[in-house]
Each structure stands twice: as C-alpha cells, then as structure tokens.
Amino acid sequence: MTGVEPKVRYARSDDVHLAYSTFGDGPLDIVLIPGFVSAVDLTLEGSLGPFIERVSSFARVITFDKRGTGLSDRVGTLPNLDTRMDDLRAVMDAAGSERAHLAGISEGGPMSIVFAATFPERVHSLLLYGSFATFVRTDDHPWMPSIEDRERINEVGGELWGSGAVLSTFLPKSEVTPERREFAATFESRAASPGAMMALTRMNMQIDVRAILPSISVPTIVVHASGDRIIPVESGRYLADHIPGARLVEFDMANHLSLEPRWIDPWYDDYIELVTGIRPAGPVVDRVLSTVMFTDIVDSTRSASERGDAAWRQLLDQHDDITRRAVARFRGTIVKHTGDGVLARFDGPARAVSCGLATAQAVKTLGIDIRTGVHTGEIELRGDDVGGIAVHVGARIMALADGGEVLVTRTVRDLTAGSGLTFDERGTYELKGVPDEWQVYEARG
C-alpha cells in the first residue's frame, strides 16, 4: 500500500451524510461500490487497495461508505435498494461525476445492477465481482444457503464481530496472520457495530434483482473466484447468463477476497479492456535499484523428517512470523515465500543486512538455522513479483552460506560504509548462470 491517507468528503442524500473518497485524477471515473460494510479511511489497506492503486494511475476512483456503515451517518433503519441507489447518485453528484464505470463488489453488485438498469445514461460499464442476484436459496439458486442457515451464520458472526475472527471465513488460513487479524478487528469496529452488521445481513436476505438483469444495457463483465466460499461461483454464472451480452471471467482462487496483492492479476486485463477498450499487451516492466534478501532453512528436509509433519508445519509458521516481523521492522517487503525461506526486498542495503542478521539470530530460538544472501542491483518489477540478474545473484549468494551466516556481495559491503556493520572476506566465486566473478563477504553486526 502507498500509505497515503485518503481525504474523506461528505455527500448529502436527504438528511444523511455519506462519506466518500477519491483516488487519482485521470480522465475516467470509476465508482467502486464496496461489499456489505466498508470504511473509506481504511480502503487502501484492505483487499481492494491494490486494485485502486492500479486503476487510479489512469482514472479517478470514487468510493464511499453506504449509509449506516463506516464514516457515513448511522441511521435508525437500514435502507432498501432504491434508497441506496439514490445515495449512489448523490455521491456521484457531489464528486462531479456525470457518468462513470461502476464496479460492484459482492453485496455492492445488486445496487450497481439496479442503478445501471435505471440510469444507463450515467453508466459506461459494469463490473460485478463475487456478486449475486439473490442472497438466499431459491428454485433457480439451489447452491445458496437457506434463510435459516443465513440466520445461524449471522448469529455466530454477531458474536465474533470486532475480534477479527470473521476474517477466516473470507480468506484461506495461510493468509490469516496476527497482523491481518488485528487490522480486520479495527476494520470491523470502524465499519459497523455488531447489531448493524447483523441487520445488514438480514437486509441482504431480502435482495432479489433477478427480474432486473435482462434490463441492463451497458457493457458488463462478471468476475468470480471458482472456489468462492461466501458467494458460490454459480451465482456469478447466473448473472452472466441473464445479463444481455455479459462476459464471465472465472479465475482460480479458493476464497471470496484476498489480502495478497496479486489476487487481482488473473482478471485485471479483462477489466482494463472493459473500461478502456484496449487490452494491455503484456506486463509492464519497471526497473529499479533495490536490495534483495534470500533466506532458507538449513537441512529442512532432515528436520521435517525428524519432527513430523504437524510439528514441522507449526515450526514453519513460527519461522514465517519471525521473518515477517523482522522484514517489517527494517522497512522491507516480502515478495514471496520460496519453499522454506523468503525473498524480500529493501530500499537500503544496510537495512537488508541488519534484517538478515536479526532474523538469523531470532530463529535460533526455534532450534533451526537459516542461510541468508543479500545483493544490491537493478531488479525488474512485474506486478508484485521481481526478476532480473540481481535476483539470481542474491539467490546464488545465499546458496554459498552456511547455517546462521549472512553473505553479501561487494556491492552491498561498499554501499553500507558508515553503517556500523562489519564484514569478513570470504573469497571470490563464480556463480552458476551469472557472468563474471563475485567477491563475497560475511556480515557481522
């Protein structure tokens, strides 16, 4: 995330004040209609942050908290779709948007559907992500939960609301870290009270826009994760089948949303084509100077065999938590996990080396050692991944290290002069697949 705090503004719909924010200043307007609860001041930190950051590079993104949620006015009774449609129009008017591309996320989809069918002159296109025409089981939606099942789920959700525990119903277990659960607890408390959340869910049970679908005349794509556990993919297929000319984009993901930035990659090009008419030719490659750090657990295969699968999995979780905290402490970014280690990048070599030393020391408490390699060079940014010769050098340097060692290239040593770090010369090496010879040093605290 960029860390930029969105400026919150207010639109007036009747006597209700609706909080909204804008991102970017491009020639196109995209109105993002969030799911059943939201908090505009936390928008960039949530699942939709990467999407907003990308599209705001060429468009103005407008998003808002529906009445009764987030920073918008609390109301005595929650509104129906007609009232919420009026609220959407009020936000667009306040933001000076004559016509926009609507992006309805989950429960925001039905409102988008009604608006697009009623005011096609104000809508360029329609994206329906993880959405539905009806929230409960009907004859033609046998895959949806019954009203009774929804009520039971709602009662449990009300008891857990504000703790962050609800996050595990939206994300796979591997994504539910302590930091993310803490953020989810903050988000839930900011977005709605437990009673308001339960009332919103009951209102969702009354939503049924099936009869409106044939009336939509704007270009539409329906995007749905094949393994969505909240809104089954069959709901997305139904929307695409009943909206004239709609295109269905299914992608492989086993949850409703994600906090991993690259989750939008499988359908992003389809969306760009919808709003611009031009499909991106391929990934944009940016080259920047960066420091990469590779880590790997020493003798992981033997350790896993000795400890057993369950104990080893628990140890890996502890290792990942220590590494994640260390990278964050030294202002780095974990690019990806590499089996039993990580690839992280930093904007300064001294921070990368210090992170490597701190991590190597910390994981010793788990009874394991890691090897670490650090190199500074030009890398290629491809979405949330990185590539280029500097990445290969970092991996090869790590492979030379023994347990507990942090090895670096001469480039790193030279760039950290004056940092207080010291280095012992380890010799000159040829690195497999990398030209030239490389001077290698072991870092000391």
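Looking at heavy atoms from C-beta onward, Arg67 lies out of side-chain contact with Asp73 at the 4.5 angstrom threshold. Within the 4.5 Å cutoff, the side chain of Phe23 has no heavy atoms near those of the Val55 side chain. For the pair Ser112 and Leu126, the minimum side-chain heavy-atom distance is below 4.5 Å. A heavy-atom distance below 4.5 Å is found between the side chains of Ser131 and Pro110. Looking at Arg329 and Cys355, their side chains never come closer than 4.5 Å, going by heavy atoms from C-beta outward. Thr83 has its side chain out of reach of Val16: every pair of non-hydrogen atoms, C-beta onward, lies at least 4.5 Å apart. Residues Arg247 and Leu274 are not in side-chain contact: their nearest non-hydrogen atoms beyond the backbone lie 4.5 Å or more apart. Side chains of Ile368 and Arg307 form a contact here, defined as non-hydrogen atoms less than 4.5 Å apart.
Distance alone, capped at 3.5 Å, places no donor-acceptor pair between the Thr22 side chain and the Ile62 backbone. With hydrogens and angles disregarded, a donor-acceptor distance shorter than 3.5 Å links the side chain of Ser189 to the backbone of Ala185. Between the Thr359 side chain and the Gly356 main chain, no donor and acceptor come within less than 3.5 Å of each other. Looking only at distances, a side-chain donor or acceptor of Glu188 sits under 3.5 Å from a matching main-chain atom of Gly164. Formation of a donor-acceptor pair under 3.5 Å by the Ser215 side chain with backbone atoms of Ala117 is not found in this model. Between the side chain of Asn154 and the main chain of Met198, a donor-acceptor pair closer than 3.5 Å is present. Using a distance-only test at 3.5 Å, with no hydrogens or angles considered, no donor-acceptor pair links the side chain of Arg9 to the main chain of Ser21. The backbone N or O of Val218 sits less than 3.5 Å from a side-chain atom of Thr220, completing a donor-acceptor pair. In this structure, Trp161 contributes its side chain and Ala196 its backbone to no donor-acceptor pair below 3.5 Å. Checking side-chain atoms of Ser57 against main-chain N and O of Glu53 turns up no donor-acceptor pair under 3.5 Å.
Taking all atoms of both residues into account, the shortest heavy-atom contact from Met144 to Phe135 is CE-O, 3.3 Å. Residues Val40 and Tyr20 approach most closely at CG1-CA, 4.4 Å, considering heavy atoms. The nearest pair of heavy atoms linking His319 to Leu366 is N-CD1, 3.7 Å. Closest approach of Ala11 and Ala90 over heavy atoms only: CB-O, 3.8 Å. Counting all heavy atoms, side chain and backbone alike, Val31 lies closest to Ala100 at CG2-CB, 3.6 Å. In terms of heavy-atom proximity, Leu248 sits nearest to Ala240 at CB-CB, 3.7 Å.
Exactly one residue among Arg60, Arg99, His101 makes a side chain to side chain donor-acceptor pair (under 3.5 Å) with Asp29. That residue is Arg60. Paired with Arg345 under the rule side chain to side chain contact (heavy atoms under 4.5 Å, CB included), one option of Val386, Val391, Val327 passes, and it is Val386.
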Take Ile216 and Ile113 through the side-chain contact (heavy atoms from CB on, under 4.5 Å) test and state the conclusion after the steps. CA-CA 7 Å; Ile216 295 177; Ile113 289 168; 3.6 Å; yes
Test side-chain contact (heavy atoms from CB on, under 4.5 Å) applied to Val61 and Phe51, step by step: CA-CA 10 Å; Val61 181; Phe51 175 74; 6.0 Å; no
Given Asp270 and Val223, is the side-chain contact (heavy atoms from CB on, under 4.5 Å) satisfied, shown in steps? CA-CA 9 Å; Asp270 296 282; Val223 179; over 6 Å; no
Worked check of salt bridge (charged side-chain N to carboxylate O under 4.0 Å, His left out) between Asp385 and Arg262: CA-CA 9 Å; Asp385 204 355; Arg262 60 175 62 94; 5.1 Å; no
Test salt bridge (charged side-chain N to carboxylate O under 4.0 Å, His left out) on Glu159 and Arg152 and set out the steps. CA-CA 11 Å; Glu159 294 176 2; Arg152 283 193 289 271; over 6 Å; no
Walk me through whether Arg54 and Asp265 qualify under side-chain contact (heavy atoms from CB on, under 4.5 Å). CA-CA 11 Å; Arg54 287 202 200 179; Asp265 290 348; 2.4 Å; yes
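The number of heavy-atom neighbours closer than 6.0 Å to CZ of Arg74, taken from other residues, nucleotides and ligands shown, is above 12. Within a 6.0 Å sphere centred on CD of Glu179, heavy atoms belonging to other residues, nucleotides or ligands number more than 12.
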Can you list, pair by pair, the side-chain donor-acceptor contacts under 3.5 Å of residues 288-298, counting residues two or more places apart and other chains?
{"unit_1": "Ser290", "atom_1": "OG", "unit_2": "Phe346", "atom_2": "O", "d": "3.1"}
{"unit_1": "Thr291", "atom_1": "OG1", "unit_2": "Thr376", "atom_2": "OG1", "d": "2.7"}
{"unit_1": "Thr295", "atom_1": "OG1", "unit_2": "Val342", "atom_2": "N", "d": "3.1"}
{"unit_1": "Asp296", "atom_1": "OD2", "unit_2": "Arg371", "atom_2": "NH1", "d": "3.1"}

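In summary, the side chains of Ser13 and Asp87 do present a donor paired with an acceptor at a separation below 3.5 Å, with no hydrogens or angles considered. Donor-acceptor pairing under 3.5 Å is lacking for the side chains of Trp312 and Ser303.
In this structure Glu107 satisfies the side chain to side chain contact (heavy atoms under 4.5 Å, CB included) test together with Phe36, Lys66, Arg84, Phe132, Met203, Asn204, Ile207, sequence neighbours excluded. Judged as a side chain to side chain contact (heavy atoms under 4.5 Å, CB included), and not counting sequence neighbours, the contacts of Ala39 are Asp41, Leu42, Phe187, Arg190. Scored by the side chain to side chain contact (heavy atoms under 4.5 Å, CB included) test, Arg180 finds Leu167, Glu175, Thr177, Leu259, Glu260 as partners (sequence neighbours excluded).
Comment: Arg202 engages Glu155 in a salt bridge, judged by a side-chain N to carboxylate O separation of less than 4.0 angstrom. Ion pairing between a basic and an acidic side chain is recognised when a charged N comes within 4.0 Å of a carboxylate O; Arg313 and Asp317 show such pairing.
Using bins of under 30°, 30° to 60° and over 60° for the plane-to-plane angle, the ring pair Trp263/Tyr129 lands in the perpendicular bin. Using the six-membered ring where Trp is involved, Trp267 and Phe251 have ring planes that are tilted, between 30° and 60° apart.
For residues 115-124, the side-chain hydrogen bond (donor to acceptor under 3.5 Å, both in side chains) pairs, not counting sequence neighbours, are Asp93-Arg122. Applying the salt bridge (Lys or Arg N to Asp or Glu O under 4.0 Å) rule to pairs touching residues 231-242 yields Arg237-Glu250, sequence neighbours excluded.
Going from atom CG of Asp347 over to atom CZ of Phe330 covers 13.0 Å, rounded to the nearest 0.5 Å. Note that the OG1 atom of Thr134 and the CD atom of Gln206 stand 11.0 Å from one another [nearest 0.5 Å]. To the nearest 0.5 Å, atom CD of residue Glu151 and atom OG of residue Ser146 are 10.0 Å apart. Note: Ile33 CD1 to Ser38 OG = 11.0 Å, rounded to the nearest 0.5 Å. Note that OG of Ser163 is 12.5 Å distant from CD of Glu182, once rounded to the nearest 0.5 Å.
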